[in-house]
Structures are given as structure tokens and as C-alpha cells.
Amino acid sequence: MLKDFVLGSSIACLVFLGLAGYEILPLLLFGGMIISFYFLIGKKGMFKNQFKEYTCAVEVGFDEIGGQKTAKQELKEALDFIIHSDDTKELGIRPLKGVLLTGPPGTGKTLLAKAAANYSDAIFLTASGSEFVEMYAGVGAQRVRKLFQSAKGTAKSQKKDRAIVFIDEIEVMGGKRGSHSSHLEYDQTLNQLLVEMDGLKTNEEVRVLLIAATNRGDMLDEALLRPGRFDRQVQVSLPSKEGRKEILSIHARNKPLGVDVDFDKIARDTFGFSGAHLESVINEAAIMAFRNKKKVISQIHLMEAVDKVMLGEKLDRKPTQEELRRVAVHETGHAIISELLNSGSVSHLTITPRGNALGYMRQSPKDDQYLFTRNQLEQQIQVCLAGAQAEILIFHNSSTGAGNDYQQAVKLTHQIIASGLSRLGVVDRDYLSRNKQHRILSEIIEQQTVYVESALRAHQQTLVRIFEKLIKDEYVSGDDLRQLINKKVS
Ligand code: ATP
């Protein structure tokens, strides 16, 4: 209204001055400049309060977050401090001011913060670290002040006595001081956050808890991490096998599932997947069922969805017959060695191009594994080398398709050396000459190549049988593969 009135009267004045014979061009130019400046600044949101506000309409409960048992437990404990603040006051317990959630992307940090607000019936305000970064000194600090004021104000207006402020990507504004090119602005913003955290008290009308999330805990300024600021640091890790199973079940709650669906198998196949990946697996599986005009999601849809999330969409690229044959031989080589070393370890193999791969063999380990012996690392190297060795056995040469396998084998070899598992024993690699490292690396790779070569030679007929089936059907399941391997034995 006011804007329209000011605009209308300005135009009327200009017309009047023009008619009265005054020179109005400079006035027009000046007015134009003011309007452009207003729109530019307005668009950038410099003076806007952009924080998203949710009251407890954030309907995410802790039971909708799979796995993350420890993280949920720690967070609930921290929340009990703001929920039962009277009891904690009696014991003289200092209130918690901040909880820092650290972990890889997509593991559920934002979900945990939302569930925290729901659990504690608190006002929930969310902002991202990047919203506080401006080239103008003082703007970031002003926004931090506003965020906390907003939290308290909103809580009061909704007659609540608790608020949770969630800052995602806190490393953007809370990075080590002095490490940015525009020091002053970053330092002022961080200082303001420290001031706000120090000012949080239990006896205030509205008790505020700051929850922050980051993928890069190592980048944060020491001052933020000291006791009295982020008192709790909660690790939100990639889910374990049980966690993955829980997450899959949560996201499948509202979807029709076929009787053959086995989440245990899918959880085994998805080591290293985050909650976000798993959500995508269920969604992609539903899309595939829809495309195939099916009423329910089956195990085959889920298996294909895992491949899609892991490697990317199927490609239209059509390799030549000769290339297909080579890819089939290569993947069969990997699969046979993997099965010979660990029976039941292959999920399936295919020569359908997907992402950057012309074909692939996927393993399905029985359990998640975090520690490896030298023998286990060597076995992994053997599986990597088997693709190229199979090509050499059948075609008497290998191809560029083995490039990634070799890189992986070299990485594993470095792991053997760095963990003190090579014949050199415990070494400081900085004092090892590059030549020596390379010699040890070649030694290990050569030893494993000899094993792989003789194992494949001994199973050459099986190799041929399997790759011919793979060329014919494009896909061989782990069970079919095992049957074909055992045929030779019997
Ligand atoms: P980033 O670090 O990239 O911000 P984040 O850790 O905050 O990621 P969220 O935004 O919480 O991850 O999760 C993204 C999506 O992944 C969620 O909306 C949810 O669908 C799914 N998800 C992640 N973790 C879980 C989990 N533990 N249980 C159920 N769903 C999950």
C-alpha cells in the first residue's frame, strides 16, 4: 500500500514539475538509479529474513530414522536437558548449548534435527551456513543475531518455551578463523555465533538448543568445539547392515512389496550406501515396477535399482560383438576368482552398459567388514586382476577395460605397505624411496597374478561356459554362476 502511494505521488509530482516547465531529466535519472538499487538488493535478499521456520509440523519422528542407534540415543539425552530443565537445574547441571552432528552426506543429520524438534515439542528454525556468507562486512553477524532472535520470538508467539535452531553446513561459517580470504566478514560472523551460544541460559523464557551439522568436522574452528559450546558431538555414520535393512523397510512402508522381496539380501549388497542412497533405491525400484506395469515391487526391481544407484542409468551405447565378448570374458574372470576364494560372494554379473562401465560383476559380502588381514587384501587384489588375466587367457592380450581394476589393485597394495603388512614390516613411507615402494608393489602384484593365472587356466572350460551364457543372456545370477562352476567339479 505504502509503496503504491509513494510511487503514485512521485509520478504526480514529476508530471506537475514537467508541466510547470522545470528540468525533470536529472530527477528521472536519479529515481531510476534508486529503483534499480532497491530491486538488486531486494533480490539478493540482503535485508530479508530468510530463515525457514517450522513449528512442530515437522512430522519426523525418531522411529522414522533407520539405524543410527547411538546418534539417536545421544541426541535424546541432550534433548532431555531442555525438556526436563527444572530437574537438571536442581542438580546444578550446566545446560547443553549445542549438539554437533558430523558424518558423510545423506546419513540423516537433517532428519535427526527435525526429529529432535518433534520429540521436544520445540520451535524449529533452520538455516544453512552459506546463508551467512556475504561480501559485506557485518551482514553475516547481523543474520546470526536475527536467527536467534527469531527463534525466541517465534517460540514466544506460539506459546512454547523451547526452540531448536538448526544450522546445516556449519563449516561454511564456522571454519577455522584466519583461513578465509575475506577474514573480517567470516571472523565477525563466527564471533557472533560464539556470542549467541555463550548467551544461551536455562533460566530464560525460551530455552534454545543449537544443532549444527557438517560433513567436515575437521574444518571447524577450535573455539566452536570447546566444552561449553558444542558439548555433544554426535557421529552420524554410514549405516550398518542392520541399519540399512531398517532404512529400506522405513521407505518401503507406503509401497506394495512382492512376496519375494528380501531386504536382508539388498542390505548385504549395499555396503557403503547412505540413507539417501537407500531411499533412492526404493524409489527407483518403484519407478521400475511402474514402467513394467506391475502392481508390486519385486526383488528384481530392487536389485536393478541398486545397480542404477551404484553405477548410473543403463546406456543405449551398443558395444560391437567383439567388445561384448571381451567384456563378458573380463567380468567372468572376476566372478570365477571371487567365487573360488569366497563361495557365495558374487551377487550377479552382466554385460549391460551402465554409467562408465560396459559390464560389471557385483559382489555381495555376507557381513560388513572394516578390518582386513594381508591375506584378505591379497584376495581382493586377485579379484581385481582376474578380469585382465581372463582376457589374456582367451585373447592373448588385455584391453583398456582393466585400467580401473589396476588402479584399485595398486591402492590395495599401498594399503598393505602402509599397514606394515608387506615383507618390509612397519615402515614410514615418507622415508621409503619411490623406487623401493614400486619394487614392493610390483612384487605383490606379480605374486597375485601368478595365482590368478593358474586358477583361471585350471577352470578354463568353466570360464568359457559362463561367458558364453553371459553373452547369450546378458545377465548371470550368483546362483546360476555357482551351479556352472560346480558342474565342472562334479
Ligand atoms: P547432508 O549432509 O548432505 O545435508 P544429511 O545427513 O543431512 O545430508 P538428510 O538430509 O537428513 O541427510 O537425508 C536425506 C534423505 O535421505 C532423507 O530425506 C531420507 O529420505 C534419507 N535418509 C537419510 N538417512 C536416513 C535414515 N537414517 N533413515 C531413513 N531415511 C534416511
Side-chain angles (χ1 to χ4, degrees), residues 49-83 96-132 147-148 150-155 157-158 160-174 197 200 206-215 217 230-239 243-244 246-254 274-280 282-283:
N49 178 12
Q50 323 144 311
F51 308 116
K52 285 163 248 141
E53 233 167 69
Y54 304 98
T55 54
C56 274
V58 229
E59 274 164 9
V60 179
F62 279 119
D63 59 340
E64 280 158 70
I65 303 175
Q68 311 298 356
K69 270 201 189 92
T70 324
K72 283 195 259 187
Q73 183 61 31
E74 291 226 21
L75 198 52
K76 276 185 189 167
E77 266 176 41
L79 293 169
D80 286 339
F81 282 99
I82 59 166
I83 298 173
L96 278 184
K97 295 182 175 177
V99 180
L100 179 67
L101 307 174
T102 47
T107 42
K109 297 181 290 299
T110 310
L111 277 188
L112 281 165
K114 287 183 180 171
N118 210 0
Y119 177 78
S120 55
D121 189 28
I123 291 294
F124 185 61
L125 246 81
T126 168
S128 163
S130 50
E131 286 171 43
F132 299 92
L147 176 63
F148 281 81
S150 251
K152 290 178 192 162
T154 318
S157 69
Q158 299 198 13
K160 304 234 178 197
D161 58 358
R162 309 165 195 147
I164 286 182
V165 170
F166 175 61
I167 303 183
D168 203 1
E169 299 172 2
I170 189 150
E171 74 280 2
V172 180
M173 66 184 296
M197 288 185 85
L200 299 178
V206 176
R207 292 183 295 284
V208 179
L209 177 73
L210 174 63
I211 300 183
T214 180
N215 309 138
F230 283 113
D231 290 291
R232 291 274 160 123
Q233 290 179 31
V234 179
Q235 190 65 37
V236 189
S237 336
L238 288 172
R244 295 197 292 276
E246 259 178 62
I247 298 173
L248 288 166
S249 312
I250 288 172
H251 288 289
R253 266 180 200 164
N254 60 350
S274 67
H277 283 118
L278 295 166
E279 188 273 334
S280 178
I282 295 284
N283 196 46

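Hydrogens, waters and symmetry mates play no part in the numbers below; they use all other heavy atoms, side chains included. Numbers for residues simply follow the sequence, beginning at 1.
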Distance-only, no hydrogens or angles: does the [X] side chain make a donor-acceptor pair with backbone N or O of [Y] under 3.5 Å?
| X | Y | answer |
| --- | --- | --- |
| E77 | E74 | no |
| R244 | P239 | yes |
| D161 | V206 | no |
| R232 | L96 | no |
| K109 | V236 | no |
| K76 | F62 | no |

Task: Smallest separation among heavy atoms of L112 and A71, with atom names - done: CD1-CB, 4.1 Å

Open item on the list: Tell me the closest heavy-atom pair linking L125 and S150, and the distance in Å.
Closed with: CD2-CB, 3.7 Å

Going by heavy atoms in the side chains, are [X] and [Y] under 4.5 Å from each other?
| X | Y | answer |
| --- | --- | --- |
| D168 | T126 | no |
| L209 | R162 | no |
| H251 | L278 | no |

To the nearest 0.5 angstrom, please state how far the [atom1] atom of [X] sits from the [atom2] atom of [Y].
| X | Y | atom1 | atom2 | result |
| --- | --- | --- | --- | --- |
| M173 | T214 | CE | OG1 | 12.0 Å |
| I250 | D63 | CD1 | CG | 7.5 Å |
| L210 | F230 | CG | CZ | 4.0 Å |
| L75 | Q68 | CG | CD | 11.0 Å |
| T110 | E169 | OG1 | CD | 9.0 Å |
| Q158 | I123 | CD | CD1 | 4.0 Å |

Task: Aromatic ring pairing F124/F166, orientation class (parallel under 30°, perpendicular over 60°, tilted between) - done: parallel

TODO: Considering only NZ, NE, NH1 and NH2 on the basic side and carboxylate oxygens on the acidic side, decide whether K97 and D231 come within less than 4.0 Å.
DONE: no

Task: Side chains of S274 and H277, donor plus acceptor under 3.5 Å - done: yes

